[in-house]
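Written below as structure tokens is the structure these notes are about.
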Amino acid sequence: MRIYKDIFTGDEMFSDTYKIKLVDDVIYEVYGKLIQRKNGEIEIAGFNPSAEEADEGTDEAVESGVDVVLNHRLQESFAFHDKKSYTLYLKDFMKKLVAKLEENSPEEVEVFKKNMNKVMKEILGRFKELQFFTGESMDIDGHVALMEYREIDGQSVPVLMFFKHGLEEEKF
């Protein structure tokens with residue numbers, strides 16, 4: 001299993017347990033689904049609770065939302081009220097990313113800039129449809145993921161978008 005973490009904050013953003021698509025070598029699109037579960041409940045394939053833990057009929061809080069958001073403790077951010085505020089954040093974040101790339105992979109900088117401009121122009125055209133999420137630390141100077149709902153096979157599917165170069169892969 002691979003966990004993808006923010007290179008600036010170390011926050012866990014998502015894992016490879018979801019359907020993932022790389023767009024223009026710049027953005028990971030992670031396809032989530034809406035779920036509902038009891039608070040504190042963690043679903044692990046093959047897990048079978050013992051008889052001692054059987055439901056005793058007590059009322060329990062239920063949380064619902066997008067599985068990627070809930071499982072990786074992403075926090076919704078309301079810091080961007082308009083395109084201008086998000087664009088200011090994006091410029092600063094991209095400067096930090098380019099500096100990291102120049103340090104680690106200077107050959108990728110020009111391709112990154114070209115592809116990023118194309119992708120972000122397209123995404124900013126849908127700004128009003130986006131939701132924004134930070135990692136668990138809620139550090140707005142780190143990675144801010146984007147989420148929108150897309151119609152896929154007749155269903156509304158939450159799609160989270162993460163900047164590839166702002167993540168580090170950790171293998172487990």
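Remember, it's a predicted structure, so these values are computed and weren't measured experimentally. We're numbering straight along the sequence, starting at 1.
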Discussion item. Applying side chain to side chain contact (heavy atoms under 4.5 Å, CB included) to Lys113 and Glu110, what does each step give before you reach the verdict?
Written reply: CA-CA 5 Å; Lys113 285 180 179 179; Glu110 287 310 311; 4.2 Å; yes

Practice prompt. I would like to know whether Val66 and Lys33 meet side chain to side chain contact (heavy atoms under 4.5 Å, CB included); could you show each step before the answer?
Written response: CA-CA 5 Å; Val66 177; Lys33 61 182 174 183; over 6 Å; no

Item to complete: Take Thr87 and Lys91 through the side chain to side chain contact (heavy atoms under 4.5 Å, CB included) test and state the conclusion after the steps.
Response: CA-CA 6 Å; Thr87 304; Lys91 284 181 181 178; 4.0 Å; yes

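At a threshold of 4.0 Å, the pair Lys164-Glu29 does not count as salt-bridged, since none of the basic side-chain nitrogens sits closer than that to a carboxylate oxygen. Ionic pairing of Lys5 and Asp11 is not present here: no N-O contact between side-chain nitrogen and carboxylate oxygen is shorter than 4.0 angstrom. Ionic pairing of Arg2 and Glu169 is present here: one or more N-O contacts between side-chain nitrogen and carboxylate oxygen are shorter than 4.0 angstrom. Note on Arg126 versus Glu148: salt bridge recorded, some NZ/NE/NH1/NH2 to OD/OE distance being below 4.0 Å.
Cluster annotation: Leu90 and Val98 are assigned to the same hydrophobic cluster (Ile/Leu/Val/Met/Phe/Trp/Tyr, side-chain heavy-atom contacts under 4.5 Å, transitive). Val159 and Tyr4 are members of different hydrophobic clusters when ILVMFWY side chains are connected at heavy-atom separations under 4.5 Å. Val69 and Ile140 are not part of a single hydrophobic cluster, where members link through side-chain heavy atoms under 4.5 Å apart. Under the 4.5 Å side-chain contact rule for hydrophobic residues, Val119 and Met94 share a cluster. In the hydrophobic clustering of this structure, Leu70 does not group with Phe14; members are Ile, Leu, Val, Met, Phe, Trp, Tyr whose side-chain heavy atoms approach within less than 4.5 Å, directly or through other members.
A 4.5 Å side-chain heavy-atom check between Tyr149 and Leu130 finds every atom pair outside the cut-off. Side-chain contact between Phe132 and Leu146 is present, with at least one heavy-atom pair separated by less than 4.5 Å.
From Phe127, atom CZ reaches atom NZ of Lys84 across 13.0 Å, with rounding to the nearest 0.5 Å. Once rounded to the nearest 0.5 Å, the distance linking CG of Leu160 with CD1 of Ile20 reads 11.0 Å. To the nearest 0.5 Å, atom OG of residue Ser15 and atom NE2 of residue His72 are 3.5 Å apart. Taken from CG in Leu97 to CD in Glu102, the straight-line distance is 11.0 Å, to the nearest 0.5 Å. The distance from atom CD1 of Ile3 to atom OG1 of Thr17, rounded to the nearest 0.5 Å, is 7.0 Å. Taking CZ from Arg37 and CG from Asn71, the interatomic distance works out to 4.5 Å, rounded to the nearest 0.5 Å.
Taking the six-membered ring for Trp and the full ring otherwise, His81 and Tyr86 have centroids separated by 6.0 Å or more. Close placement of the Phe80 and Tyr89 rings is indicated, their centers lying within 6.0 Å of each other. Not less than 6.0 angstrom separates the ring centroid of Phe162 from the ring centroid of Tyr28.
No hydrogens or angles considered: a donor-acceptor pair under 3.5 Å links the side chains of Gln131 and Glu76. Between the side chains of Asp67 and Tyr31, no donor-acceptor pair of N or O atoms lies under 3.5 Å.
Shortest non-hydrogen contact noted between Ser137 and Thr9 is OG-CB, 4.1 Å. The shortest non-hydrogen separation linking Ala79 to Ser85 is O-OG, 4.1 Å. Nearest heavy atoms, Val26 versus Asn115: CG2-CB, 3.2 Å.
Between the side chain of His143 and the main chain of Phe163, a donor-acceptor pair closer than 3.5 Å is present. In this structure a side-chain-to-backbone donor-acceptor pair under 3.5 Å is present from Gln75 to Arg73.
Few gaps surround CE on Met161; more than 12 heavy atoms of other groups in view lie less than 6.0 Å from it. When the shell of 6.0 Å around CD of Glu151 is examined, it contains more than 12 heavy atoms from other residues, nucleotides or ligands.
Geometric assessment of Lys96 against the ring of Phe8 yields a positive cation-pi assignment under the 6.0 Å and 45° thresholds.
Contacts of Asp24 classified as salt bridge (charged side-chain N to carboxylate O under 4.0 Å, His left out), with partners at least two apart in sequence or in another chain: Lys118.
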